Undergrad: 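Just passing along the structure, written as structure tokens.
Throughout, protein chains are lettered first and strands after them, A, B, ... in sequence-line order, and every chain is numbered starting at 1. Only a predicted model underlies this, so the values are computations on that prediction, with no experimental measurement involved. Values reported hereafter were calculated over all heavy atoms of this structure, with side chains retained and with hydrogens, waters and symmetry mates removed.
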Number of protein chains: 2
Amino acid sequence: MTQTSFLAVIRLLSAQALLEQKFSQELGSVHGLSLNDSLLMMHLEQAPLLRLSRVDLAKRLCVSPSTVTRMTLPLEKLGMLGREADVRDARLAYVTLTDTGRKVIGAARQTLERKSKEVFKDRWGADEIEALADLLGRLTASQPNDLV
Amino acid sequence: MTQTSFLAVIRLLSAQALLEQKFSQELGSVHGLSLNDSLLMMHLEQAPLLRLSRVDLAKRLCVSPSTVTRMTLPLEKLGMLGREADVRDARLAYVTLTDTGRKVIGAARQTLERKSKEVFKDRWGADEIEALADLLGRLTASQPNDLV
DNA sequence: CCGATATCTTTCCGAACGCAAGCATTTAGC
DNA sequence: GCTAAATGCTTGCGTTCGGAAAGATATCGG
């Protein structure tokens, strides 16, 4: 007798591995972004001033602060991200989304949306997709600032 | 207007990052296994003869064959996994689950079950957890041999 | 039977990550 | 006002992963 919660967790982990495999390749070859790069930029997209601190981004992405530093470096050199200091707190180094970055993540989002539709193309009703999104939203709701 | 399927995918990716962060640490410090190590051994657990080929494992875990080779190496040295040749096909090198491995993955499973329950502890009804597991099962159903 | 192709596995190389340590700055206690 | 603790960011080191290449074996077509 297997617990339902355990079953749900295992399937969620397996499903993520499947989706990452499906999305990663095209996202990288077409837009030059990794999946985590895209999530980072989408968080910036919906941030108040198109900017977030690095620790804030780390919490939202569930990665270490050092990873954020390393992730933003190449994107900054490509002109997709910028750096901004805080007037009050000299420790903060905000990551900002540039106009170039907005265009790139906009295009990448279209790719993600198209491939997302493909995932549910067969044997899925609109109400079921919505139910899944809703239930997953309750999991991520415990985290700082849900995405989308 | 954001697509529901896109919303579901983004939330699934975020939820996975959250779960991996929650589970990874204790799983590693207590049992010496990574999350992927555990999934690999659980796949072996339910295999017909407690054994699977490396490419088969790679497909089930959605990782490259080289990753399976590297993952199994230390677990083999620790006596949790074994190696078995095929009588008909000399190319195959089955990964087998030893008695030691069965005990270890059994203990790790208990940890995973306990922490899985914690995830849904608050604000979740039994019917909702089951609905989530069911919907996720339809995603992984497209893959070779669903787990659990 | 034999060559061409396909499959299974491993190794090498570069990329990405977490952790611990370190530096700079801010905040809190006295 | 000054020291101690806390916070934000970066760097070095070890670990893990995917892709390409290589070697071994199997299968297929003639």
Undergrad: Could you check how far CG of Asp89(A) sits from P of dA24(C), rounded to whole Å?
TA: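 Roughly 15 Å, once rounded to whole Å.
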
Undergrad: Among dC8(C), dT25(D), dT10(C), which nucleotide has an atom closest to any side-chain atom of Thr69(B)?
TA: dT10(C)

Undergrad: Mind calculating the distance between CG (Leu35(B)) and C1' (dT16(D)) to the nearest angstrom?
TA: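 Distance, rounded to whole Å: 14 Å.
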
Undergrad: Atom CG of Leu61(B) and atom P of dC17(D): how far apart are they, to the nearest Å?
TA: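 About 10 Å, once rounded to whole Å.
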
Undergrad: Any donor-acceptor pair, under 3.5 Å, between the side chain of Ser66(A) and the base of dC19(C), if you only look at N and O atoms?
TA: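 It does, because a donor-acceptor pair links the side chain of Ser66(A) to the base of dC19(C) below 3.5 Å.
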
Undergrad: Among the candidates dG18(C), dT25(C), dT10(D), find the nucleotide nearest to the side-chain atoms of Arg70(A).
TA: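 Among dG18(C), dT25(C), dT10(D), the one nearest the side chain of Arg70(A) is dG18(C).
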
Undergrad: Would you kindly give the CD-to-C1' distance between Gln16(B) and dC17(C), to the nearest whole Å?
TA: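 Going from Gln16(B) (CD) to dC17(C) (C1'), I get 13 Å.
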
Undergrad: Between the side chains of Ser64(A) and Thr67(A), is a donor N or O closer than 3.5 angstrom to an acceptor N or O?
TA: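 Checked: Ser64(A)/Thr67(A) side chains pair up, N/O donor to acceptor below 3.5 Å.
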
Undergrad: Pick out which of Met71(A), Met42(A), His31(A) makes a side chain to side chain contact (heavy atoms under 4.5 Å, CB included) with Asp37(A).
TA: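 Only match with Asp37(A) under side chain to side chain contact (heavy atoms under 4.5 Å, CB included): Met71(A).
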
Undergrad: Using only side-chain N and O atoms of Ser64(A), determine if any of them is under 4.0 Å from OP1 or OP2 of dG18(C).
TA: yes

Undergrad: Under a 3.5 Å cutoff, is there a donor and acceptor pairing between the side chains of Ser53(B) and Asp56(B)?
TA: no

Undergrad: Rounding to a whole Å, what distance do you find between Leu40(B):CG and dC17(D):C1'?
TA: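 Those two atoms, CG and C1', are 15 Å apart.
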
Undergrad: When all nucleic acid strands are considered with a 4.0 Å heavy-atom cut-off, which category describes Val68(A): base, sugar-phosphate, or nothing?
TA: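 It contacts nothing in the nucleic acid.
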
Undergrad: In whole angstroms, how far is the C1' atom of dC9(D) from the OH atom of Tyr94(A)?
TA: 14 Å

Undergrad: It should be established whether Arg88(A) places a side-chain nitrogen or oxygen under 4.0 Å from OP1 or OP2 of nucleotide dT7(D).
TA: no

Undergrad: Check the distance between dT16(D)'s P and Leu33(B)'s CG and give it to me in whole angstrom.
TA: 12 Å

Undergrad: Once you round it to whole Å, what is the distance between P of dT9(C) and CZ of Arg51(B)?
TA: 12 Å

Undergrad: Tell me whether Val30(B) shares a hydrophobic cluster with Val9(A), the cluster being built from Ile, Leu, Val, Met, Phe, Trp, Tyr side chains joined at under 4.5 Å.
TA: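 No, because Val30(B) and Val9(A) fall into different hydrophobic clusters, even though each may have its own neighbours under 4.5 Å.
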
Undergrad: Indicate, yes or no, whether a donor-acceptor pair under 3.5 Å links the base of dG23(D) to the side chain of Arg91(B).
TA: no

Undergrad: Determine whether more than 12 heavy atoms belonging to other residues, nucleotides or ligands lie under 6.0 Å from atom CD of Gln46(A).
TA: yes

Undergrad: Identify which nucleotide among dC17(C), dT25(D), dC9(D) has an atom closest to any side-chain atom of Ser53(A), counting heavy atoms from C-beta outward.
TA: dC9(D)

